[in-house]
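Remember, predicted model here, so these are calculated numbers, not experimental data.
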Amino acid sequence: LARFSDKLNLYSEVLSNTSKMKSDWGRAGSIQRRMKAYEPEFGLRVQREKLIKEVLREYGGTDRINDLVDRLQSVDLNNTKAINQLIYSMTKTKWQKLSDGAYELWINGLLSNPPTHAANIVGNSLALVMSYPERLMGAGVEVIRSKIVGEPRQIFAGETIRDIFSVVKGTHDGTKAFLNSMKTGEGFGKLEFRPTAFPKGMQMFMPTRALVAEDVFFKSFIQNAELNRLAYRKAVQEGLKGQSRNLRITELLSNPTEGMLEEAFKRADYTTFNKELGKIGNLVLHSRNIVPGLNYFVPFIRTPVNIAKYTLERTPLNLGRIIYKAGKGEMVGAELSESVARMITGSFLGLGSYLWAKEGVITGGGPKTKAERDEWLRTHQPYSIRIRGKDYSYARFEPISSIIGMSADFAELEKNMTEGEKIKVGGAIAGAISKNITSKTFTQGFARLNDAISDPERYGEQTIESLASSIIPGVVGGVARMIDPELKDAKGILDKVRSRIPFVSKGVQPKLNIWGDVIVEEGHPAFRFISPMKVKTVSEIPIDIELSRLKLNLGMPSKKIGNKELTREEYTKYIVSSGQLAKEILNQLVQ
């Protein structure tokens, strides 16, 4: 015990002397990774310090130290997962573990739906693909910047070519990293907690393990590409050409500099939306963690914030920030050129989306009022691209969908604006941004909670129903949609839950349109189960086309006849009988 106390004092001193490095985790992380590779004892010391710090921060006393000494003798200090598991088991009470286990089970249920993982993979892929034209644009901007300021170039077009040629090795490295993460749980992804509440054997089959492993694949791929790019840049800056340049690139890839490693890790976190939050984001995250139950309404903060930042950086709204930071000298050289390139590339995509939306090729979120929305939904699908009479949803392909959707929302808002309102374009832009952000699946929980607090009589019951239905795992709800394509008009908690259970969902009242037709989710059952993209055939019913052209909105019929309120069954029969007759008569009139 005396020897352990001496060691503890030594480690405390080391921690005190290195505390100034906490503000730069990327640099510290890259140093630790290299040190652990070349000096194993350094890695073991880091793990011991972590254990001592975390355990003794929560508990003190001789009994805990003795327990810690016993545990240290059996734990593998080379296994980060085992270290986290030990810290968790020694610093959490029985009730905390029970609460954490319930939350972790709920999160896994939430993320168990295959479209969630498909959306994550496609979103990361699209962000990666978009980086190529951005970097080529950055090389062009850098030529102009270097001439204006009279400095040597820091970005070169050849970097992107080198980046593309690294795809094969990046895929190989990424696949290895993915399989290792699935096996061991190592890695860092979009989760905002460490999965430790369940035994190791169970964690391997949890959807959260797959989500982290997916991000690990892309991180490894991006890190490999970034190191190739930076090695090429450095070789060019050193004035090397031909075979000498190739040899230097190979040398740098075999022994990358600390700066290259740091930049590669930063780029990987940025492109997969795992970048650490700033002061305000961390404050929100901390507030969520200390308010009991709030994490069930706002399970994710870092990813939505990073996606929002990524989107805004690629709009003209980022120009003011670039000018401000460049003026203060906080954004110079390659960083300045890349920021300008992102804004230009994203603005071109946004402008194209805006023009397509004006032509009706792309849709935004659609009207908000119920009557207008019901009418609009008969001939449109929100956040979709229209191709040969079908609407294909792009809503879940973040972050590209945010750029496209924001432009489409602005185009839709502009259609309904007066000339006076068009002059005040700032309000329309803010409205388009707000509408697009609140439409996302990862922000809807917070939006529902906000509505429930501001208007509990109107939204309180809906919020409780939505939370209650989320106890049914997403994959179970996916199977229910695969078997039963009908959209459900669920009323109350029981109906919400039943609508997400296979076969049981058939007993829930289907959702009808104004003509009494059942609204269904289109596509092959396997497509509905796996794909995050929803498909809708554009209505060819003459009266629907005509009502859309005339911008007339027909609401659902009243639930009362005279002073008599119809039962749910009576109202359904009323909609079907009156709707079918009305559709037949009105189609004849239109034709």
Side-chain angles (χ1 to χ4, degrees), residues 122-149 151-171 174 218-219 221-242 245-246 248-249 252-253 259-260 263-264 266-273 309-319 321-322 326 331-355 397-404 407:
V122 173
N124 284 342
S125 300
L126 289 174
L128 181 61
V129 169
M130 190 168 180
S131 68
Y132 296 127
E134 285 180 348
R135 287 170 176 175
L136 288 173
M137 178 68 73
V141 173
E142 179 66 6
V143 172
I144 299 172
R145 187 201 69 82
S146 64
K147 288 182 178 180
I148 292 174
V149 301
E151 294 178 356
R153 289 167 58 191
Q154 297 182 19
I155 306 177
F156 306 93
E159 295 175 15
T160 305
I161 306 301
R162 181 80 192 187
D163 190 345
I164 294 172
F165 281 136
S166 70
V167 166
V168 175
K169 186 177 185 305
T171 303
F218 282 97
K219 282 187 173 188
F221 185 100
I222 294 164
Q223 287 166 6
N224 180 77
E226 189 67 11
L227 288 174
N228 272 273
R229 194 168 76 99
L230 294 173
Y232 178 92
R233 178 186 296 181
K234 189 169 181 61
V236 172
Q237 289 174 336
E238 291 173 357
L240 301 175
K241 294 183 179 180
R245 178 189 293 177
N246 292 333
R248 178 57 172 154
I249 291 172
L252 287 168
L253 290 174
M260 289 172 62
E263 188 63 31
K266 285 170 61 178
R267 177 76 67 168
D269 282 344
Y270 175 81
T271 310
T272 56
F273 319 113
K309 287 180 179 178
Y310 182 101
T311 302
L312 293 175
E313 285 175 2
R314 286 157 178 78
T315 68
L317 297 175
N318 196 37
L319 180 60
R321 172 179 168 272
I322 292 174
M331 187 182 288
V332 296
E335 183 184 2
L336 176 59
S337 295
E338 287 184 342
S339 294
V340 172
R342 289 169 185 166
M343 182 188 69
I344 294 173
T345 308
S347 297
F348 273 125
L349 176 60
L351 176 61
S353 303
Y354 168 80
L355 295 175
F397 298 143
E398 298 292 354
I400 306 303
S401 62
S402 287
I403 300 173
I404 299 173
S407 302

Legend entry - Between E134 and S131: side-chain donor-acceptor atoms closer than 3.5 Å: no
Name each donor-acceptor pair under 3.5 Å that joins a side chain in residues 342-353 to protein atoms two or more places apart or in another chain, with its distance.
unit_1: T345; atom_1: OG1; unit_2: A341; atom_2: O; d: 2.8
unit_1: S347; atom_1: OG; unit_2: M343; atom_2: O; d: 2.6
unit_1: S353; atom_1: OG; unit_2: L349; atom_2: O; d: 2.8

Legend entry - Reference residue S166; test side chain to side chain contact (heavy atoms under 4.5 Å, CB included); the match among N224, L253, T171, I161: N224
Legend entry - Qualifying residue for side-chain hydrogen bond (donor to acceptor under 3.5 Å, both in side chains) with E238, from R248, R245, R233: R248
Inset, instruction - Using the test side chain to side chain contact (heavy atoms under 4.5 Å, CB included), find all partners of A264 that sit at least two apart in sequence or belong to another chain. - result: Q223, E226, L227
Legend entry - From K234, R229, R153, residue fulfilling salt bridge (charged side-chain N to carboxylate O under 4.0 Å, His left out) relative to E159: R229
Inset, instruction - Calculate, to the nearest 0.5 Å, the distance between atoms CG and CZ belonging to L126 and F397 respectively. - result: 7.5 Å
Inset, instruction - Assert yes or no for the condition that the ring centre distance of F273 to Y310 is strictly below 6.0 Å. - result: yes
Legend entry - Minimal non-hydrogen separation, A139 against F156, with atom names: CB-C, 3.9 Å
Legend entry - Verdict with supporting geometry, Q237 and Q154, side chain to side chain contact (heavy atoms under 4.5 Å, CB included): CA-CA 8 Å; Q237 289 174 336; Q154 297 182 19; 4.1 Å; yes
Inset, instruction - Determine the minimum heavy-atom distance between T271 and L128, stating which atoms define it. - result: CG2-N, 4.2 Å
Legend entry - Rounded distance [0.5 Å steps], CD1 in I222 versus NZ in K266: 15.0 Å
Legend entry - Distance (rounded to the nearest 0.5 Å) between R135 CZ and D163 CG: 4.5 Å
Legend entry - CA sep, side-chain torsions, deciding dist, call: I403, T311, side chain to side chain contact (heavy atoms under 4.5 Å, CB included): CA-CA 6 Å; I403 300 173; T311 302; 3.9 Å; yes
